Number of protein chains: 2
Amino acid sequence: MERRDLHAHGRETPAGDRPEPEGALARITLGTQVYDALRDLLIAGGLAPGERLSLRTVAERLGTSMMPAREAVSRLVADEALEVLPNRAVRVPVITLQKFRELTRVRIAVEGFAAAEAARAVKPGDLAAIREHDAVFRHEVRAPEPDLERAMRANRDLHFAVYEAAGLPSLVAIIEGLWLRIGPVLNLDMRSSPRRLAEGAAQAHHADLVAALGAGDAEGARAALAADIAASAAFIETTGRLAP
Amino acid sequence: MERRDLHAHGRETPAGDRPEPEGALARITLGTQVYDALRDLLIAGGLAPGERLSLRTVAERLGTSMMPAREAVSRLVADEALEVLPNRAVRVPVITLQKFRELTRVRIAVEGFAAAEAARAVKPGDLAAIREHDAVFRHEVRAPEPDLERAMRANRDLHFAVYEAAGLPSLVAIIEGLWLRIGPVLNLDMRSSPRRLAEGAAQAHHADLVAALGAGDAEGARAALAADIAASAAFIETTGRLAP
DNA sequence: CCAGCCTAAGTGTGATCACAGATCACGGCA
DNA sequence: TGCCGTGATCTGTGATCACACTTAGGCTGG
């Protein structure tokens, strides 16, 4: 985890130093900012499974006091994106093979449902955005020197653009919780063997998905997404990084 | 919200007064206890939609300081079981009709999947427990003076016994989050017109569900559960307590 | 030289204090 | 009589301190 301040200026931010109301529409507290920062790190693979965290370290790294860090970690623990051991140590959970398979089954059911609903409810504007993310992903993995960061981000954006097209915000929130849990292992393994990206399995599934969405084929969209998740999961299992 | 202490003795629990390790296997902090207390209140309908909370009030009511109340409320806000308005006021969310319908659709998909999986994975012991909850529920709603509290609890126990029989803990956690959101409106309306319970629709759906589970009929179980949820939701909508 | 204790550093949890902002009722001015 | 301003009070948020507990490392005694 690299040093990154929440505020633009240095670390000295004693209190009441709120430089800009930040548009002030949404609730934006320090705790929420720390939460988002940790959240991005988890989904992007910046925190490896088993890595240990400390409230004071997190607070110092992000230039705040311990309180916002407590709130953020507390929420992430509630999401099961972090876990606090009986030793009072906070770490990112080490997923067992059994748990990974369970999460995969749940993902196929939930995200598959979202894809099916998206095929029924998708609007032209949504579809255009989805195609755009797909294009970015395809371009990136076909490049001579693929930028993994960009590829993974495009993949994520593509998936969530589909889910959001279903018009069920609470479902998207549920899926975000699932990604928060599998993010660390997924990113870690992808990073360790980027070769898989070039194999093109994901591209094919994405193409099927986009086609089904365009045709309003709910079951086709569900099947394509399920195949994408299953293929990805199967690859992860072969790398053998999962705990027994 | 009635006065209820977390500890057996009076309100004076200054600090470090940890009378009993409480088995000491699982992590049991004051924050978690407050969280569970509020959670039960929400699911059981002890907190009405729109009702406002205050950290200091919650803390005093439960005999702790403000810190555990902060953590609990913070987690519940993350679960969308509570919301904090831009005015810095915490309250139980007022569900709109649109949001209610959305949640119902998601529930039918997710809980329906759980029921289908349960039909495939149910073990004799699970089935016995499910039948027992069903019997309690049936007995209670047929009684001359139905005990709503007991009936609702039996209904909840029945549903979750089914979900747990699916053997997918993360799915159960997701469903708990959903119940946390619809709990307040569901309980409020049931309480206001207990007549519906006697109509027997729920009993019939439960009977279908149990029969399908016993027969290993996944699609039958899914259909029975979907019908149960849909019927309940339709009734709630007729009461017209939902916000526009 | 090795094993055992034992101290010191570090952990999360809880309490308390400080503060900016919102709310609301009361009182004074037009 | 009606309305606006104004201060007391209450809100969540953040900082800081205190404490019980774990853990790892260095010392001592064999």
Side-chain angles (χ1 to χ4, degrees), chain A residues 5-7 11-38 51-78 82-92, chain B residues 5-7 11-22 24-38 50-78 82-92:
Chain A
D5 256 293
L6 252 35
H7 308 79
R11 79 167 53 198
E12 292 308 335
T13 307
D17 181 6
R18 213 88 37 94
E20 44 212 319
E22 205 79 30
L25 278 187
R27 296 192 50 71
I28 180 122
T29 66
L30 283 182
T32 302
Q33 295 179 53
V34 174
Y35 174 81
D36 290 338
L38 291 179
E51 187 167 344
R52 291 187 41 186
L53 295 184
S54 139
L55 294 188
R56 289 168 177 83
T57 307
V58 170
E60 192 184 1
R61 281 255 216 283
L62 271 59
T64 73
S65 93
M66 224 173 70
M67 282 297 316
R70 277 173 74 169
E71 187 191 317
V73 167
S74 178
R75 285 170 59 181
L76 287 167
V77 168
L82 293 179
E83 70 182 358
V84 21
L85 308 173
N87 325 341
R88 288 185 169 178
V90 178
R91 68 168 192 186
V92 13
Chain B
D5 256 294
L6 252 35
H7 309 78
R11 81 164 52 197
E12 293 308 337
T13 307
D17 182 4
R18 211 86 40 92
E20 45 211 318
E22 203 82 31
L25 276 188
R27 294 192 53 72
I28 179 116
T29 66
L30 283 181
T32 303
Q33 294 179 55
V34 174
Y35 175 80
D36 289 339
L38 291 179
E51 186 167 344
R52 291 188 37 189
L53 295 183
S54 137
L55 293 187
R56 291 170 174 82
T57 308
V58 169
E60 192 184 1
R61 281 253 215 284
L62 272 56
T64 74
S65 95
M66 224 173 70
M67 280 298 315
R70 276 174 74 169
E71 186 190 318
V73 167
S74 178
R75 284 171 58 180
L76 287 166
V77 168
L82 292 178
E83 68 182 359
V84 20
L85 308 174
N87 324 341
R88 289 188 169 177
V90 178
R91 70 168 188 184
V92 181

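Just so we're on the same page: letters track the sequence lines, and every chain starts at 1. Since this is a predicted model, take the numbers as computed values, not measurements.
The separation between A/Tyr35 atom OH and D/dT13 atom P is 15 Å, rounded to whole Å. Following rounding to the nearest Å, A/Glu60 (CD) and D/dT16 (P) show an atom-to-atom distance of 13 Å. Between A/Leu82 atom CG and C/dT11 atom C1' the separation is 15 Å, expressed in whole Å. A straight line from CE of A/Met66 to C1' of D/dC17 spans 10 Å, rounded to a whole angstrom. Atom CG of B/Leu30 is separated from atom P of D/dC19 by 17 Å (rounded to the nearest Å). In this structure, A/Leu62 places its CG atom 13 Å from P of D/dG14, rounding to the nearest Å. Remark: P of C/dG21 and CD1 of A/Ile28 are 16 Å apart, rounded to the nearest angstrom. We find that CG of A/Leu85 is positioned 18 Å from P of D/dC21, with the value rounded to whole Å.
Using a cut-off of 4.0 Å between Lys/Arg side-chain N and Asp/Glu carboxylate O, A/Glu83 and A/Arg91 are scored as salt-bridged.
Two residues are said to be in side-chain contact when any heavy atoms from C-beta on lie closer than 4.5 Å; B/Gln33 and B/Ile28 meet this criterion. In this structure, the side chains of B/Val34 and B/Glu71 stay at 4.5 Å or more apart for every pair of heavy atoms. Proximity of A/Val58 to A/Leu55: side-chain heavy atoms (C-beta onward) are nowhere separated by under 4.5 Å.
Listed pair B/Ser54 / D/dT11 meets the phosphate criterion, a side-chain N or O lying under 4.0 Å from OP1 or OP2.
The residue B/Val90 sits close only to the backbone: its heavy atoms come under 4.0 Å of sugar-phosphate atoms, none of a base.
Of the candidates B/Leu53, B/Val92, B/Leu82, B/Leu82 is the only one forming a side-chain contact (heavy atoms from CB on, under 4.5 Å) with B/Leu76.
When distances run from any side-chain atom of A/Arg88 to the nucleotides D/dA20, C/dA18, C/dA20, the shortest one goes to D/dA20.
At a cut-off of 3.5 angstrom, counting only N and O atoms as typed in the model, there is no donor on one side facing an acceptor on the other between the side-chain of B/Arg70 and the base of C/dG14. Within 3.5 Å, a donor on the side chain of A/Arg56 pairs with an acceptor on the base of C/dG12, or the reverse.
Of the two residues near DNA chain D, A/Pro68 and B/Ala89, the one whose nearest nucleotide lies more 5' is B/Ala89. Along DNA chain C, the nucleotide nearest to B/Glu71 and the one nearest to A/Arg52 differ in position, and the one closer to the 5' end is contacted by A/Arg52.
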